[in-house]
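Below: the structure, in structure tokens.
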Amino acid sequence: MAKAQLRRVLQIAAAVLVVALAIGLYKAKTDAARTEARVRALQHEISEGESDLRALRAEIAELESPERIETLAEDRLGAVVGSEAAALPESAIAQRLPAPQAPPAQE
Amino acid sequence: MKAFNPAAAFTRAHMPELPAEAAPARNRVRLLALGIFAVLLLLAGRAVQLAFSGDPLAEPRGAVIAAIPRADIVDRNGVLLATTVRAFALTAEPHRVWNAEETADALRGAFRDLDRATLVRRLNDRSRRLVYLRRSLTPEQRDAVLALGLAGIGFQAEDRRVYPQGELAAHTLGFTDVDLNPLSGVERGLDAEIREAGQAGRSVRLSLDVRMQYALETELEAAARASGASGASAILLDGRSGEVFALASWPTYDANAAGAASEQARRDRVAGDLHELGSTIKPFTIAMALEEEVTNSRELFDLTQAFEIDSSVIQDHEPVEGLASLRDILAHSSNIGAARLALRLGGARQRAYLERLGLTAPSTLELGRNQAPLAPQARGRRDVAGLGFGYGLAATQSTLAGAYTVFTNQGARVAPTLVARGPDAEIERTPVFSAEVTRQLMAYMRATVTDGTGRAADVPGLMVAGKTGTAELFQGAAGYDESRNFSSFAGVFPANDPRYVIVVALDDVGEGAVGGAIAAPAVARTLRRIAPMLGLRVEPRAPAR
């Protein structure tokens with residue numbers, strides 16, 4: 001009797017385990033699919049972000065191109081390229097500096 | 001006394017007795033059941049483990065690599081030279097287009113270069129589900145088309161190669177077609193590396209420096225325009241590592257619109273154009289003679305008389321008066337002196353040196369095309385003598401620059417490269433001359449710049465050494481045309497610690513436009529600009545009196 005009961009209990013436990021496993025498997029697969037979808041969405045987002053970043057980097061490189069910088073330096077700072085201007089001797093630097101100003105008189 | 005159990009008695013009376021032969025089958029069933037139970041137990045264990053160890057997908061996966069079909073190309077300082085950006089192909093589904101003519105007209109409003117007849121034909125082609133109308137649209141262009149609200153018109157995402165520096169280093173970088181297949185330049189020469197790096201999400205670093213590239217290109221263009229040259233080329237490299245800092249061809253083009261450029265503009269003249277080198281080869285002739293001990297630095301030559309060899313007269317443009325040393329031969333670019341030394345050397349030894357200098361093989365630059373030199377074997381004394389002063393051997397300027405690296409490596413040659421090298425990179429050096437001979441030649445080449453034909457290349461503080469070159473252009477059956485010259489200057493600096501090599505050449509300049517008059521000043525102007533980038537100091541110009 002005890003042996004038959006034990007067998008019955010084991011059979012019920014096994015059935016419960018199989019059902020639990022089936023439910024667990026379904027849930028795990030659903031979660032995995034959801035997570036995979038999220039990963040795919042994030043990867044797409046990263047890819048889009050990378051693409052935008054590359055376009056922006058290209059724009060930065062264009063804006064920082066030597067030709068543009070040289071033109072801006074000439075137009076806005078009055079700078080000239082090395083081949084057209086001689087380097088100043090150290091003694092000449094003082095001459096180019098603004099004359100010292102007298103400190104404002106204190107009241 | 002044992003109690004009577006009627007149920008058991010009934011069972012025993014009515015249940016058939018299992019035969020003894022069924023025992024093995026029973027055992028197999030039990031074994032199978034045990035196996036299934038073990039598998040279930042394993043599955044249960046794994047389920048419990050997963051339940052307690054958390055979501056395996058939540059584990060860190062490492063950096064996400066955004067693979068692209070072609071990697072970014074950057075210069076030695078990381079400045080972007082080429083990249084791959086998102087673009088769009090303009091497509092149409094003909095069966096959904098309402099009115100092909102109206103759609104074509106609307107699209108031509110956005111893209112003037114589209115041919116109306118072709119457009120209408122494609123939009124009417126109902127045999128196809130999808131037709132391509134235009135490739136490589138920018139996001140702005142796509143938005144402009146979207147705003148038109150045309151039925152049956154759509155887009156497909158694709159990649160597009162972009163060169164943010166425009167014309168800068170266009171010949172070196174090369175370009176791809178709309179399907180990103182490489183067509184020229186580094187894009188083609190390093191195609192496998194660029195694709196591999198793209199998949200790995202890293203960039204390809206070149207040895208170029210955009211600042212030096214810009215300086216070289218602008219000065220080359222100025223010199224070419226001023227001299228009326230039909231084309232020009234220049235190269236600047238670190239002679240010790242072989243890394244090319246700048247590589248310029250003129251005229252140039254915008255790599256973003258390579259299809260619209262002329263064949264002439266797209267021609268890479270540094271590694272693709274062959275020219276007889278002229279006098280820039282003379283330092284090698286003298287070095288060969290010294291190395292083979294057919295002369296020495298104390299010998300004096302009488303160069304006042306032209307001499308005839310196999311019915312050809314060899315003479316100097318400006319005769320060297322009095323007795324001349326090897327230094328004078330180089331400084332005053334004497335053809336007579338170089339020819340005599342070459343004849344003493346002989347064709348076989350001369351050829352062996354030319355081969356070791358790399359002047360008989362194509363350059364090793366990582367470009368789509370490196371033109372092989374025209375270097376026929378010298379067949380007689382006249383050929384040997386001509387080779388001594390740069391005739392009878394046509395090579396590219398990149399090949400010449402590679403040969404000049406012998407002066408920066410104590411007589412060993414280093415192959416130029418466009419790929420940035422690490423500080424510990426192994427560099428292959430081909431011994432050609434001894435250190436003593438190259439030191440002597442450096443002194444002679446410095447004298448060429450201080451007292452000889454290359455004075456215009458001198459930059460105070462940089463100690464430029466070098467040699468001018470002027471070769472008359474060969475016109476086939478008509479022979480050499482004195483009124484058309486190929487003028488160049490090949491230099492090494494600083495002479496007291498030679499490291500850098502520069503070659504500037506201008507093609508098809510007029511009579512009298514010798515290397516010392518047009519190429520040498522361009523070298524000086526370029527070096528003044530790039531010296532600070534190399535950590536070298538240019539001395540101020542002497543005040544004008």
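Quick note: numbers below take in every heavy atom, side chains included, and nothing from hydrogens, waters or symmetry partners.
- A salt bridge links A:E48 with B:R86; the closest basic N to acidic carboxylate O contact falls under 4.0 Å.
- Residue B:E219 comes nearest to B:R525 through the heavy atom pair OE1-NE, 3.1 Å, listed as atom of the first residue, atom of the second, then distance.
- With a 4.5 angstrom heavy-atom cutoff, A:E64 does not touch chain B via any of its atoms.
- Contact annotation for B:L80: both backbone and side-chain heavy atoms come within less than 4.5 Å of a heavy atom of chain A.
- For the set B:G166, B:A531, B:P164, the count of heavy-atom pairs under 4.5 angstrom toward chain A peaks at B:P164.
- Highest contact tally toward chain A, considering only B:V79, B:T84, B:L81, B:V210, is held by B:T84 [criterion: heavy-atom pairs under 4.5 Å].
- Contacts with chain B were tallied for A:L25, A:L63, A:I60, A:L21; A:L21 has the most, counting heavy-atom pairs under 4.5 Å.
- Judged purely by atom type and a 3.5 angstrom limit, B:T218 uses its side chain to pair as donor or acceptor with the backbone of B:Y214.
- For B:S249, the side chain to side chain donor-acceptor pair (under 3.5 Å) test picks out B:D268, with sequence neighbours left out.
- Nearest heavy atom pair, residue B:A169 against residue B:Q213, reads CA-NE2, 3.6 Å.
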